[in-house]
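Here's the structure we're looking at; comments come further down.
Keep in mind it's a predicted model, so treat the numbers as computed, not measured. Counting starts at 1 for both ligands and their atoms, following the listed order.
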Amino acid sequence: MLKVSNVSKSFNGVKILDNISLEVLDAKILGLAGPSGSGKSTLLRCIQKLETADSGSIEYNGKTGFMFQDFQLFPHMTVLQNLLYAPSIGGKNLKNRAISLLKDLGIEFKKHEYPRSLSGGQKQRVALARTLITDPDIILCDEPTSGLDVATTNDVVQLLKSVNVNTITMVIASHDLDFLTKISDTIVLLRNGQIVTNINPCDISDPIGYLKKYYK
Ligand code: ADP
Ligand code: MG
């Protein structure tokens, strides 16, 4: 379980996260919605310890992996090199594991190509493989569908769900409410650094319409 308790964070005297508390059960997907600037990325970065919260606590078992917005693949490395560079563990089975992950994600045929020759959806798959090779218990995804078209976004939904089944806990920040309602078990909506609503999209007849009201 991931448990965030009373987390606050300010930048330059401005409160960006204001007493955030939430829980995600193992193997569940939490969607983080909210207008641009509401603090979604900052919350993910605090969970990943890329930022230090000013107060409150963040607890979980195991390790986290982060999928950055816009993929952040190393442009001068091939797909395979991008995967092999990431984990600090090393070991001679690493390459086999990398290739097997690329196969699972349907991208092995691109293993010797450079990121510039991949489509957005293919880059997303490589970024996911690069996160998975570190064997995370929790994956934090920041805007995983930014820049992807609708069809590719639907592929990403399938992809993340296939990874998640019975295994990995996920927290996914996105401005795309359609995507979030398709993928999330629970959605929390941030506004001005506070959680203003918390829904199970399956329990609501029009979850997107409901969430949109908070953007006005
Ligand atoms: P979101 O991901 O919901 O769009 P962010 O968490 O990126 O929101 O940003 C929330 C606010 O915090 C924004 O106003 C942003 O400018 C500010 N912010 C984020 N990171 C920093 C930082 N390192 N220094 C100063 N301000 C920051
Ligand atoms: Mg963001």
Fill in: Gly34 near ligand 1 by a heavy-atom separation under 4.0 Å
no
Item to complete: Measure from the side-chain N and O atoms of Arg191 to the backbone N and O of Tyr214, and report whether any donor-acceptor pair falls under 3.5 Å.
Response: yes
Worksheet item: If we only count N/O pairs under 3.5 Å, is Gly39 in contact with ligand 1?
Response: yes
Worksheet item: Within the distance-only criterion (no hydrogens, no angle test), does the side chain of Ser8 pair as donor or acceptor with the backbone N or O of Asn19 below 3.5 angstrom?
Response: yes
Discussion item. To the closest 0.5 Å, what do you measure between CD1 (Ile29) and OG (Ser184)?
Written reply: 6.5 Å
Item to complete: Could you give me a count of protein N/O/S atoms that are under 2.8 Å from the Mg ion (ligand 2)?
Response: 1
Worksheet item: How many angstroms lie between CD in Gln122 and CG in Leu105, if you round to the nearest 0.5 Å?
Response: 12.0 Å
Worksheet entry | Enumerated ligand 1 atoms positioned under 4.0 Å from heavy atoms of Ser36 | 4 (O)
Worksheet entry | contact_flag Ala173 ligand 1 heavy-atom lt 4.0 Å | no
Discussion item. Is it true that Tyr210 and Thr197 share a donor-acceptor pair across their side chains at a distance under 3.5 Å?
Written reply: yes
Practice prompt. Heavy-atom contacts with Ile16 under 4.0 Å: which atoms of ligand 1 show up? List them by number with element.
Written response: 10 (C), 11 (C), 12 (O)
Worksheet item: Identify the closest protein heavy atom to atom 27 (C) of ligand 1: which residue and atom is it, and at what distance?
Response: Phe11 CD1, 3.3 Å
Worksheet item: Would the number of heavy atoms belonging to other residues, nucleotides or ligands and lying under 6.0 Å from NZ of Lys182 be above 12?
Response: yes
Worksheet item: Is the closest side-chain donor-acceptor distance between Asn200 and Thr186 under 3.5 Å?
Response: no
Worksheet item: Short list, please: which atoms of ligand 1 are under 4.0 Å from a heavy atom of Pro35?
Response: 3 (O)
Discussion item. Strictly less than 4.0 Å: does any protein heavy-atom distance to atom 15 (C) of ligand 1 fall in that range?
Written reply: no
Worksheet item: Taking Leu17 as the fixed residue, which of Val7, Ile195, Val4 is the one that meets the side-chain contact (heavy atoms from CB on, under 4.5 Å) rule?
Response: Val7
Worksheet item: Under the 6.0 Å and 45° cation-pi test, does Arg130 pair with Tyr85?
Response: no
Discussion item. Looking at Thr169 and Ile138, would you say the former's side chain and the latter's main chain have a donor-acceptor pair under 3.5 Å?
Written reply: no
Item to complete: Show which atoms of ligand 1 fall inside a sub-4.0 Å distance from at least one heavy-atom site of Thr42.
Response: 5 (P), 6 (O), 9 (O), 19 (C)
Item to complete: Indicate whether the side chain of Asp155 and that of Thr152 have a donor and an acceptor atom separated by less than 3.5 Å.
Response: no
Item to complete: Please indicate, with yes or no, if any protein heavy atom is found under 4.0 Å from atom 24 (N) of ligand 1?
Response: yes
